[in-house]
Every structure is written in C-alpha cells, then in structure tokens.
Amino acid sequence: SLMLAEYVSLELAILIGGSILAARRLSEMLVAPFAGMIADRLGTRLPLTIAVVASILGFAMIGINWLIVGSCMLVIARGALGTLFTSAVAKIYQDSKIKAMARNQTWRDVGAAAGPLAAGAALTITSPELLHTGLAVAFSLAFLWFLKSPGWQILASEDQTD
C-alpha cells in the first residue's frame with residue numbers, strides 16, 4: 001500500500017493493498033487443491049520448486065516496482081505453498097509426520113506474527129523496494145540451503161519411485 005500510494009491516492013492504495021491481502025485466502029482455496037493434484041501426479045519437488053521460485057520472483061518484482069504483477073505472483077505462489085510445504089514435510093519426516101507438521105505450523109504462525117512486526121520496524125529504516133529485494137535474496141538463500149539438505153534428497157527419491 002505504501003508503494004502504491006506513490007502512484008495513486010492513499011485511499012485507493014489501501015483498498016488495492018487490502019484486496020491483495022484478501023485475495024491471498026481466496027488463492028489458497030483455489031490454488032491449493034490444484035497444487036495438490038499436480039504434486040500427486042508429478043511428485044512434490046517440481047511444483048514446490050516452481051512455487052518457491054515464483055515467490056522469489058514476486059518479491060523481486062515488487063522490489064523493482066512491478067507491484068501488481070509481483071503481488072499477484074506472490075499470492076498465487078502462496079496459495080500453492082500452503083499445500084506443498086505440508087506435503088513435503090509429511091514426505092520428508094515419514095516416521096514423525098504429526099510432530100513435523102505441528103512444528104511446521106508453529107513456525108508458520110511465528111512468521112505470521114513476527115513478519116508484520118519486523119516489516120513495520122524495517123520500513124522505518126529502509127524503503128519497501130529494498131525490503132522486498134532483501135526478502136527475495138533471503139528466500140533464495142534459504143531455498144539454496146534446502147536444495148543441499150537431506151530433505152531435498154528424500155523428495156528427489158520420492159519423485160523417482162512414483
């Protein structure tokens with residue numbers, strides 16, 4: 001909304017920003033089942049990779065002021081990731097699925113609470129564009145770390161056995 005307010009009225013920027021946030025839940029309802037069907041057919045790894053890369057590109061696009069395209073990409077990717085993360089956790093932690101899924105949900109909730117607080121604090125010292133670019137870099141580094149993890153190897157072997 002802060003970035004949009006540079007181009008449109010503050011009221012319209014808030015309305016568009018709120019609409020994008022509301023679309024996130026709608027996206028989860030619509031995209032998550034399709035992501036699950038695709039993962040059932042192709043395995044979890046490929047759709048998870050596509051959704052993570054789409055998230056990284058969405059953050060980067062927002063960082064270079066492609067606000068609407070980047071926001072839409074993030075909303076759609078987030079809808080897919082809701083299903084795909086849970087699926088990946090269940091496949092990686094076969095012996096302790098419930099514990100792993102509970103831990104995943106806990107960290108998701110921590111992020112949902114801490115993220116807006118951290119973003120608000122960060123916006124007092126940096127621009128929204130730089131913040132989103134930083135998120136794209138951080139997400140890229142986290143994904144590269146995951147690619148080298150044993151969990152990724154489990155997903156790779158799962159794709160080969162399907």
Side-chain angles (χ1 to χ4, degrees), residues 1-40 42 44-92 100-147 151 155:
S1 294
L2 292 174
M3 295 169 72
L4 280 171
E6 295 177 18
Y7 305 103
V8 298
S9 70
L10 180 59
E11 293 82 9
L12 184 57
I14 292 170
L15 183 63
I16 292 171
S19 297
I20 290 170
L21 289 174
R24 180 184 152 221
R25 295 296 183 193
L26 181 62
S27 168
E28 288 179 8
M29 290 185 325
L30 298 175
V31 175
F34 291 110
M37 288 188 301
I38 292 168
D40 282 341
L42 302 176
T44 306
R45 193 171 64 146
L46 179 62
L48 179 63
T49 301
I50 291 168
V52 169
V53 169
S55 295
I56 292 167
L57 290 173
F59 281 124
M61 286 180 183
I62 294 171
I64 59 171
N65 278 320
W66 289 18
L67 303 177
I68 302 300
V69 174
S71 295
C72 290
M73 188 173 280
L74 273 175
V75 165
I76 291 168
R78 175 62 189 92
L81 287 173
T83 297
L84 297 170
F85 273 144
T86 306
S87 174
V89 166
K91 289 180 181 186
I92 291 169
M101 291 170 79
R103 185 174 54 239
N104 180 61
Q105 185 62 41
T106 299
W107 281 108
R108 181 178 162 179
D109 291 344
V110 167
L117 289 172
L123 286 171
T124 65
I125 58 174
T126 190
S127 70
E129 295 84 2
L130 187 58
L131 183 60
H132 282 87
T133 302
L135 287 169
V137 170
F139 218 68
S140 297
L141 294 173
F143 187 57
L144 290 172
W145 173 78
F146 180 58
L147 291 176
L155 291 179

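Along the sequence shown, residues carry numbers from 1. What you see is a predicted model, and the numbers here were worked out from it, not measured in a lab.
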Q) From Met3 CE over to Asn65 CG, what is the distance, rounded to the nearest 0.5 angstrom? A) 4.5 Å

Identify all side-chain donor-acceptor contacts of residues 46-63 below 3.5 Å with residues at least two apart in sequence or on another chain.
from: Thr49; atom 1: OG1; to: Arg45; atom 2: O; distance (Å): 2.8
from: Ser55; atom 1: OG; to: Ala51; atom 2: O; distance (Å): 3.1

Scan the side chains in residues 104-120 for donor-acceptor partners under 3.5 Å anywhere in the protein, sequence neighbours excluded, and list what turns up.
from: Gln105; atom 1: NE2; to: Asp109; atom 2: OD1; distance (Å): 3.0
from: Thr106; atom 1: OG1; to: Ala102; atom 2: O; distance (Å): 2.9

Q. Can you name the residues that form a salt bridge (Lys or Arg N to Asp or Glu O under 4.0 Å) with Arg24, not counting sequence neighbours?
A. Glu28

Q | Trace of the side-chain contact (heavy atoms from CB on, under 4.5 Å) decision for Ile68 with Leu4 | A | CA-CA 9 Å; Ile68 302 300; Leu4 280 171; 4.3 Å; yes

Q: Could you list the residues that satisfy side chain to side chain contact (heavy atoms under 4.5 Å, CB included) with Leu30, not counting sequence neighbours?
A: Leu26

Which atom pairs, donor and acceptor, lie under 3.5 Å between side-chain atoms of residues 74-89 and protein residues at least two apart or in another chain?
from: Thr83; atom 1: OG1; to: Ala32; atom 2: O; distance (Å): 3.3
from: Thr86; atom 1: OG1; to: Gly82; atom 2: O; distance (Å): 3.2
from: Ser87; atom 1: OG; to: Thr44; atom 2: OG1; distance (Å): 3.2

Q) Quick one: salt bridge (Lys or Arg N to Asp or Glu O under 4.0 Å) pairs with a partner in residues 136-147, sequence neighbours left out? A) none

(Q) Using the salt bridge (Lys or Arg N to Asp or Glu O under 4.0 Å) criterion, which residues pair with Arg103? Sequence neighbours excluded. (A) none

Q: List in chain and number order the residues that pass side chain to side chain contact (heavy atoms under 4.5 Å, CB included) with Leu130, two or more places apart in sequence or in another chain; answer none if no residue qualifies.
A: Thr126, Ser127

Q. What pairs with Ile14 under side chain to side chain contact (heavy atoms under 4.5 Å, CB included), at least two apart in sequence or on another chain?
A. Leu10

Q | Qualifying side chain to side chain donor-acceptor pair (under 3.5 Å) pairs with a residue from residues 1-22, counting only residues at least two apart or across chains | A | none

Q: Not counting sequence neighbours, which residues clear ring-ring contact (aromatic ring centres under 6.0 Å, His included) with Phe146? List them please.
A: Trp152

Q | Minimal non-hydrogen separation, Ser71 against Ile20, with atom names | A | CB-CD1, 3.7 Å

